[in-house]
Enquirer: 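One structure, pasted below without further comment.
Numbers restart at 1 for each chain; the letters A, B, ... are given by sequence-line order, proteins then strands. Hydrogens, waters and symmetry mates play no part in the numbers below; they use all other heavy atoms, side chains included.
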Number of protein chains: 4
Amino acid sequence: MPLPRSGPVRSEAARQAILEATARLLVERGYDHLTMEGIAATAGVGKQTVYRWWPSKGAVIAECLLEGKLLTQPLRLPDTGDIRRDLTAWLGAIFTLLESDAGEGILRSLIAAAAEHAEVGRRLRDSLSGSESVSGRLERAIGTVPNLTEGAPVEEIAEALIGAILLRALSRAPIQPGDADRLLDAVLGR
Amino acid sequence: MPLPRSGPVRSEAARQAILEATARLLVERGYDHLTMEGIAATAGVGKQTVYRWWPSKGAVIAECLLEGKLLTQPLRLPDTGDIRRDLTAWLGAIFTLLESDAGEGILRSLIAAAAEHAEVGRRLRDSLSGSESVSGRLERAIGTVPNLTEGAPVEEIAEALIGAILLRALSRAPIQPGDADRLLDAVLGR
Amino acid sequence: MPLPRSGPVRSEAARQAILEATARLLVERGYDHLTMEGIAATAGVGKQTVYRWWPSKGAVIAECLLEGKLLTQPLRLPDTGDIRRDLTAWLGAIFTLLESDAGEGILRSLIAAAAEHAEVGRRLRDSLSGSESVSGRLERAIGTVPNLTEGAPVEEIAEALIGAILLRALSRAPIQPGDADRLLDAVLGR
Amino acid sequence: MPLPRSGPVRSEAARQAILEATARLLVERGYDHLTMEGIAATAGVGKQTVYRWWPSKGAVIAECLLEGKLLTQPLRLPDTGDIRRDLTAWLGAIFTLLESDAGEGILRSLIAAAAEHAEVGRRLRDSLSGSESVSGRLERAIGTVPNLTEGAPVEEIAEALIGAILLRALSRAPIQPGDADRLLDAVLGR
DNA sequence: TATTAATCGAGACGGTACGTCAGGTCTTACA
DNA sequence: TGTAAGACCTGACGTACCGTCTCGATTAATA
């Protein structure tokens, strides 16, 4: 039984404006220059309206991730039946994102946010795993590539793959042709 | 040929005090609560003395890493000749650090710092690689484990390993017995 | 027509606390040791609240003068009908103030403030002229003393009188008995 | 008996450079933006060289006044035998100075300095009195103008005159034609 | 003539205050 | 009661100067 309540209800317009402002500012300025004040001003919203619904900028970012306002388009893991080809395409998309000026910063911003807010960490991992988890796909691909034998630690392989991407983003190592292939060789075998 | 200059020379005492204060505060309070003002106050030093030599807190942290004021002791990769055993011991030490209350935060703090300062990112990777690089050791171990065949992408294997550790720290997944082994299975084969 | 505005209104309590703190610190420490930071701290107020409403310490002092937080009590020019007696009493009060330890510094502090901020200069002059202007009183006293003949430059006489007081304060010349009388002789004739 | 001393003697070049830098900066930037550091830098001199010989910027300014680096040229009280004419010329020169852009600030800067440093106050008064004191000239002119009768308080008349000038400078009242005359009427009678 | 001590330029040092930005809370007027 | 606006206290930012100190080089009187 819901509590009886009077007064206006949460404004969906304000919520959307805040999430969009956050996504925009995060991409434009980076995590550490993202401010609650800036979000409110950009969204045309009172500061209190932000604080009423989210406790911190990390929480707003987490919700942005959940709503797909960040990392939207290309990061879905395709499914052609050939795990190697699918992962190559997926890694290629991520590396392309990393190479772009905007994308280079966005992943690092998300990592910074994740380092401070556990929720963002979890959401970020889920977002990078694509709609269906990478480990699940690896599970189903057992036997089709050298390293994926029966009982292979697919969770850990996925972790290693995603972790390598994060490390790339953190260490700003320039991306070379063939990097995606070598990384897949590393975790899937050759 | 350096310009001949007279006048007082940089105070090593102040430098040490600043690095030690930084290391202490980073561990105690985390990256985002670490402030230049706090560093100066804790070190008993004027703020300007910090800014004179480092442009940002990230730069101070980078130098702390270089000096081994952070992540010192247990993270050296042993060398018994058995790569699997060595990496197991090394990973175990890191996981032990991650499980400790202080250590849990310290790695996330370093990741946050790395996300904002390229130099910290590079130094962090070097620090985690141990005194001799992990990839070098993998190179020499070619042929002794399934995945390390001639021409194996040792750089990428090292990246995957270190990346998996960072992802662990970020996602706050609790560490289970056998995790280290499964991770090594994932990148070295079983 | 003022812009319709919602939101909280300026806090009168904060305003009063700031003016009182300013007056106290100016008297206690002098103009050049008066700081915006000290004012805010003494008033128990955020620095930004001071800067929101006043651009500089000079502006705060000017408002203190206007509110009578400085130079309040004894500097009113009495009105007995006898201009000479009234001015003697008034000058005596000012000289008494100048002789006191606190008062010696306060006038010099105000002069320092006036030298930097035009508004303080104007307000200081008004404050020293008493509630009714000295020149107005001189005007009405024309014919009762030697120098005040029809068309006498009463504005300039008042200026000379007030200026002499300022010069006294600046040059720290000790005040002698009879000084007030001689000064009045100088500008009003004997 | 002087202490036996060896070593180089005070550098006159440095002293001159400092006084000239001080005069220049005081005129250009005003008293409160004048800094010891700026003086040293402008003079091409070490900070310690300034502090070795003067305890404060006020002291440097006082010596500038003494050396005639400030208020040099036109402020000598002429001596034609006609006190009224001489004072008119002298006041006119001062008012001209006050009206100029540079001069407007310089007197206020000196007043600010005087408010903080007694020595500057004394020197400023002497400088304004001209080479021979105004009061001495008034003494000799007794009997030639209405207000200067036997036993007239010439000291106080001089004070009133100079004080009025200071008040003018402080209150930024624009100077009108005839002001000098009216001021002299005020203190000398008509 | 060699010694010695004070001077000079430079600038690092521990500090204080500057004026600004943002954090998170609270207040007001409106819808 | 939710909202836009924004004042409030707090605390950190990065900068400018303070007055002291230390350096290596220079210079003049003393020994």
Enquirer: Which pairs, with at least one residue in residues 25-34 of chain A and sequence neighbours excluded, count as a side-chain hydrogen bond (donor to acceptor under 3.5 Å, both in side chains)?
Expert: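 Every pair satisfying side-chain hydrogen bond (donor to acceptor under 3.5 Å, both in side chains) with a residue in residues 25-34 of chain A: A:Arg24-A:Glu28, A:Tyr31-A:Glu116.
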
Enquirer: Check the distance between E:dC18's P and C:His33's NE2 and give it to me in whole angstrom.
Expert: 12 Å

Enquirer: Scan residues 9-31 of chain C against DNA chain E and write down, sorted by residue number, each residue with any heavy atom closer than 4.0 Å; if none is found, say none.
Expert: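 None - not one residue of the stretch has a heavy atom sitting under 4.0 Å from the strand.
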
Enquirer: Holding to salt bridge (charged side-chain N to carboxylate O under 4.0 Å, His left out), I want the full list of residues that pass it with D:Lys57, two or more places apart in sequence or in another chain.
Expert: none

Enquirer: So which of residues 111-121 of chain A are in contact with DNA chain F, with a heavy-atom cut-off of under 4.0 Å?
Expert: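 The stretch gives none, as no residue of it lies under 4.0 Å from the strand.
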
Enquirer: Give, ordered by number, those residues of residues 39-48 of chain A having at least one heavy-atom distance below 4.0 Å to an atom of DNA chain E; if nothing qualifies, reply none.
Expert: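 Within residues 39-48 of chain A, the residues near DNA chain E are A:Lys47, A:Gln48.
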
Enquirer: Anything under 3.5 Å between a donor and an acceptor, one on a side chain of residues 41-54 of chain C, the other on a protein residue two or more places apart or in another chain? List them.
Expert:
| residue | atom | partner | partner atom | Å |
| --- | --- | --- | --- | --- |
| C:Thr42 | OG1 | C:Gly38 | O | 2.8 |
| C:Lys47 | NZ | C:Glu37 | OE2 | 2.8 |
| C:Trp54 | NE1 | C:Glu63 | OE1 | 2.9 |

Enquirer: Which residues within residues 50-59 of chain C lie with some heavy atom under 4.0 Å of an atom in DNA chain F?
Expert: C:Arg52, C:Trp53

Enquirer: Of all residues at least two apart in sequence or in a different chain, which pass the side-chain contact (heavy atoms from CB on, under 4.5 Å) check with C:Ala118?
Expert: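 C:Ala118: side-chain contact (heavy atoms from CB on, under 4.5 Å) contacts with C:Arg122, D:Arg172.
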
Enquirer: Residues in side-chain contact (heavy atoms from CB on, under 4.5 Å) with D:Val9, at least two apart?
Expert: D:Arg5

Enquirer: Whole-Å distance between E:dT16 C1' and C:Asp32 CG?
Expert: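 Rounded to whole Å, this separation is 14 Å.
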
Enquirer: Mind checking side-chain contact (heavy atoms from CB on, under 4.5 Å) for B:Glu20 and listing every partner two or more places apart, or none if nothing turns up?
Expert: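 Residues passing side-chain contact (heavy atoms from CB on, under 4.5 Å) with B:Glu20: B:Gln16, B:Lys69.
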
